[in-house]
Amino acid sequence: MAGQFWRGALAAAVLMSGLTASGCAVFGSSASSSPVSGGQPSATGQRVTPVAPVTPVTPVASLSPTARPKPRHTKDAKVLAGKIVGIDPGHNGLNHTDAAFLGQQVFNGRTMEDCDTTGTQTASGYSEAQFNFNVATYLKHLLRKEGAKVVLTRNNNDGLGPCVNKRSLIINDAHANVAIDIHADGGPVTGRGFTVLEPIADGPNDKVIATSDQFGTDVHTAFLKHTPFGVSDYYGTDGYINRDDLAGLNLTTVPKVLIECGNMPNPQDAALLTSAKVQRQIAGALNDAIVHFLTGHWPNGTA
């Protein structure tokens, strides 16, 4: 991984780019869309606009146990027994219904920003919030089979929030050993690939910068090995970028990164992101990265 110098420069560039402080573009805010008035202003000056309800999908929680992913271990070893893992599935399924809730201002560790955003969606209306929650649910089942205690920032996809600062506090207060923020991006329609977002020291997170970078390397390695996604060709450098404007990274007191798993406006990435098979692959890759970070060993030599 490259040094902090270029990461800091990239972070500044991102702030100038107009991305929302959630790490993802909001509905209707991709490079190919024109702004729509009437919503609440975000921390970067964009407006968060309520959108029509997305196409209903089957929640992961209702799937049979046989449809859920399995750890890669050949034995039922509880390798993460005694460990606590935080999972933050970004946004929420009803965020688009309440602009006033989203527009609440919260402190993100450096400045004030919106409580949350709607997240992005595919051209067919499949929401990022649903994708994030599906992957988080698959990952939760894997980690519990590994013996870990799992703490999620939300337990369904039919609510609002919580606000981005509270998401950090939930995981911090649980004294998680590591945490992952799960997202998909709303970039240009021609862009493809994943990006690992890592924190920049700002006080609360000073003690976990090095370990977060280490975890980010594990996530990057596992994503290349076990998912069909390559590194982003439009965002960051070689699949990495540092951000200092995200509450989830600024306020963390545990090792944490945010993963933009792919780009929803891109048709090829969208077809992958909406696939249950690929969602399970993503969860498996994140599980492997967490196991390696916490134990020093890849499950069955998977990476």
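With no hydrogens or angles considered, a side-chain donor-acceptor pair links D202 and N205 at under 3.5 Å. For the residue pair T118 and H91, no side-chain donor N or O sits within less than 3.5 Å of a side-chain acceptor on the partner.
Under the 4.5 Å side-chain contact rule for hydrophobic residues, I182 and I170 do not share a cluster. Clustering ILVMFWY residues whenever any of their side-chain heavy atoms sit less than 4.5 angstrom apart, transitively, puts L143 in the very cluster that holds V79. Follow the hydrophobic side-chain contacts under 4.5 Å out from L94 and you reach L102 in the same cluster. Grouping the Ile, Leu, Val, Met, Phe, Trp and Tyr side chains by contacts below 4.5 angstrom, directly or via other members, places I171 apart from V257.
A donor-acceptor pair under 3.5 Å is absent between the side-chain atoms of N92 and the main chain of N95, judged by distance alone. No donor-acceptor distance shorter than 3.5 angstrom exists from the side chain of K83 to the backbone of N177, with no hydrogens or angles considered. Without hydrogens or angle criteria, N250 side chain to G109 main chain gives no donor-acceptor distance under 3.5 Å.
Rounding to the nearest 0.5 Å places OG1 of T137 at 9.5 Å from CD of Q279. Put simply, CG on L286 and NE2 on H226 are 11.0 Å apart, with the number rounded to the nearest 0.5 Å. Taking OG1 of T211 as the start and CD of Q214 as the end, the distance is 7.0 Å to the nearest 0.5 Å. L273 CG to T122 OG1: the interatomic distance, rounded to the nearest 0.5 Å, is 9.0 Å. We find the CG-NZ distance between D88 and K256 to be 6.0 Å, quoted to the nearest 0.5 Å. A distance of 9.5 Å separates CD1 in I200 from CG in L249, rounded to the nearest 0.5 Å.
Listed by first and then second residue, the disulfide bond (SG atoms under 2.5 Å apart) pairs that reach into residues 225-264 come to none, sequence neighbours excluded.
Contact record, A184 with T120: O-CG2, 3.8 Å, taken as the closest heavy-atom pair. Minimum interatomic distance between I259 and V219 (heavy atoms only, all atoms of both residues): CD1-CG1, 4.2 Å. Nearest heavy-atom pair, G86 versus A176, reported as atom, atom and distance to 0.1 Å: N-CB, 3.8 Å. Of all non-hydrogen atoms in P89 and I87, the two that sit nearest each other are CD-O, 3.4 Å. Minimum heavy-atom separation, L139 to A283: CD1-O, 3.5 Å. Contact detail for P162 and K166: the closest heavy-atom pair is CB-CD, 3.9 Å.
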Exercise. Test D185 against M264 for side chain to side chain contact (heavy atoms under 4.5 Å, CB included), laying out the working first.
Key: CA-CA 6 Å; D185 201 16; M264 282 196 149; over 6 Å; no

Practice problem: Could you check D114 against Q104 for side-chain hydrogen bond (donor to acceptor under 3.5 Å, both in side chains), going step by step and ending with a plain yes or no? | Solution: CA-CA 6 Å; D114 288 353; Q104 298 175 77; over 6 Å; no

Exercise. Mind running side chain to side chain contact (heavy atoms under 4.5 Å, CB included) on R167 and D116 for me, showing each step along the way?
Key: CA-CA 10 Å; R167 291 171 186 258; D116 204 352; 3.1 Å; yes

Exercise. I would like to know whether T253 and N172 meet side-chain hydrogen bond (donor to acceptor under 3.5 Å, both in side chains); could you show each step before the answer?
Key: CA-CA 6 Å; T253 58; N172 291 346; 3.1 Å; yes

Practice problem: Take V150 and L152, measure what side chain to side chain contact (heavy atoms under 4.5 Å, CB included) needs, and give me the verdict at the end. | Solution: CA-CA 7 Å; V150 179; L152 286 96; 3.7 Å; yes

Exercise. Would you please test T195 and V231 for side chain to side chain contact (heavy atoms under 4.5 Å, CB included) and show each step?
Key: CA-CA 6 Å; T195 309; V231 299; over 6 Å; no

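Residues F131 and H183 place their aromatic rings such that the two centres sit no closer than 6.0 Å. The distance between the ring centers of F293 and F215 falls below 6.0 angstrom.
Salt bridge D269/R192: present, at least one basic N to carboxylate O contact under 4.0 Å.
Residues Y235 and L197 form a side-chain contact, since some pair of their non-hydrogen atoms from C-beta on lies under 4.5 Å apart. A heavy-atom distance below 4.5 Å is not found between the side chains of P199 and R243. Proximity of Y240 to T217: side-chain heavy atoms (C-beta onward) are separated by under 4.5 Å at one or more points. Within the 4.5 Å cutoff, side-chain heavy atoms of E113 are placed close to those of V164. Annotation: side chain of L294 is in contact with side chain of L80 (closest heavy-atom distance under 4.5 Å). Using a 4.5 Å heavy-atom cutoff, the side chains of W298 and D288 are in contact. Using a 4.5 Å heavy-atom cutoff, the side chains of K149 and V85 are not in contact. Between Q105 and M112 the shortest side-chain heavy-atom distance falls below 4.5 Å.
For D218, there are no salt bridge (Lys or Arg N to Asp or Glu O under 4.0 Å) partners, not counting sequence neighbours.
Using cut-offs of 30° and 60° on the angle between ring planes, the pair F223 and F194 is tilted.
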